[in-house]
Amino acid sequence: MDLVQGTDVDPELVDRLARSASVADIAIEIVGVDEFRPGVDSAAENFTINGHTSPAIISLVSDGGQWKLERSWACGVLTSTQMSSPACT
């Protein structure tokens, strides 16, 4: 399933995100979704990492007719757990 921008560059991107979430005990609670501009929606979230919760925004982009998590958000999650991906260079 291709739900994150950048899987064309790094087919392991979703697996990397899953490992990152597991290592850092990441939890995401979506609290609202709004249209930001045509083709881009923003989702307000409560982002918890290692027990600390902060409000944040996830950008969802229409890519090839499918809604996906924006690459920069995915790369930010990886960076926060000292992980990387070829899609983030």
Side-chain angles (χ1 to χ4, degrees):
M1 199 175 276
D2 186 16
L3 299 176
V4 181
Q5 278 187 318
T7 56
D8 56 328
V9 176
D10 179 7
E12 299 297 316
L13 181 56
V14 173
D15 290 335
R16 292 177 203 278
L17 281 171
R19 282 194 304 276
S20 177
S22 177
V23 167
D25 194 25
I26 293 174
I28 298 166
E29 175 191 18
I30 303 297
V31 295
V33 177
D34 293 307
E35 182 178 31
F36 181 65
R37 63 179 182 268
V40 179
D41 284 356
S42 62
E45 64 171 318
N46 289 323
F47 184 83
T48 303
I49 182 169
N50 293 320
H52 302 285
T53 302
S54 300
I57 300 291
I58 299 174
S59 291
L60 305 165
V61 294
S62 179
D63 185 356
Q66 181 177 3
W67 287 100
K68 299 180 181 182
L69 293 171
E70 190 172 46
R71 179 191 319 233
S72 62
W73 180 87
C75 293
V77 170
L78 291 176
T79 299
S80 73
T81 58
Q82 287 75 49
M83 297 180 82
S84 64
S85 163
C88 299
T89 57

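With hydrogens and angles ignored, the 3.5 Å screen pairs no side-chain donor or acceptor of S22 with any backbone N or O of R19. Of the possible polar contacts, one joining the Q66 side chain to the D2 backbone as a donor-acceptor pair under 3.5 Å is found.
By the rule that hydrophobic residues join a cluster once side-chain heavy atoms approach within less than 4.5 Å of another member, V31 and F47 end up as members of separate clusters. Under the 4.5 Å side-chain contact rule for hydrophobic residues, I30 and F36 do not share a cluster. The hydrophobic cluster containing W73 does not contain V40, counting ILVMFWY residues as joined when their side-chain heavy atoms lie under 4.5 angstrom apart, directly or transitively.
Expressed to the nearest 0.5 Å, how far OG of S85 lies from CD of E12 amounts to 9.5 Å. Rounding to the nearest 0.5 Å places OG of S42 at 9.5 Å from CD of E35. For the atom pair C75 SG and L17 CG, the distance stands at 8.0 Å (nearest 0.5 Å).
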Exercise. Determine, step by step, whether V14 and T7 satisfy the side-chain contact (heavy atoms from CB on, under 4.5 Å) criterion, reporting the C-alpha distance in whole Å, the side-chain angles of both residues, the deciding distance to 0.1 Å, and the verdict.
Key: CA-CA 8 Å; V14 173; T7 56; 4.0 Å; yes
Quiz item: What do the steps show when you test T89 against V9 for side-chain contact (heavy atoms from CB on, under 4.5 Å), and what is the final call?
Solution: CA-CA 10 Å; T89 57; V9 176; over 6 Å; no
Exercise. Please lay out, stage by stage, how D25 and I49 fare under the test side-chain contact (heavy atoms from CB on, under 4.5 Å).
Key: CA-CA 6 Å; D25 194 25; I49 182 169; over 6 Å; no
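Looking only at side-chain heavy atoms (C-beta outward), I28 and E45 come within less than 4.5 Å of each other. When side chains are defined from C-beta on, N50 does not count as touching I26, because their heavy atoms never get closer than 4.5 Å.
If you check the side chains of N46 and T53, you find no donor sitting under 3.5 Å from an acceptor.
Minimum interatomic distance between L13 and G6 (heavy atoms only, all atoms of both residues): CD2-C, 4.0 Å.
Screening residues 25-61 for disulfide bond (SG atoms under 2.5 Å apart) gives no qualifying pairs among residues at least two apart or on separate chains.
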Just list the side-chain donor-acceptor pairs under 3.5 Å for residues 55-64, sequence neighbours left out, or say none.
residue	atom	partner	partner atom	Å
S59	OG	E70	OE1	3.3

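R16 is linked by a salt bridge (Lys or Arg N to Asp or Glu O under 4.0 Å) to D10, counting only residues two or more places apart in sequence or in another chain.
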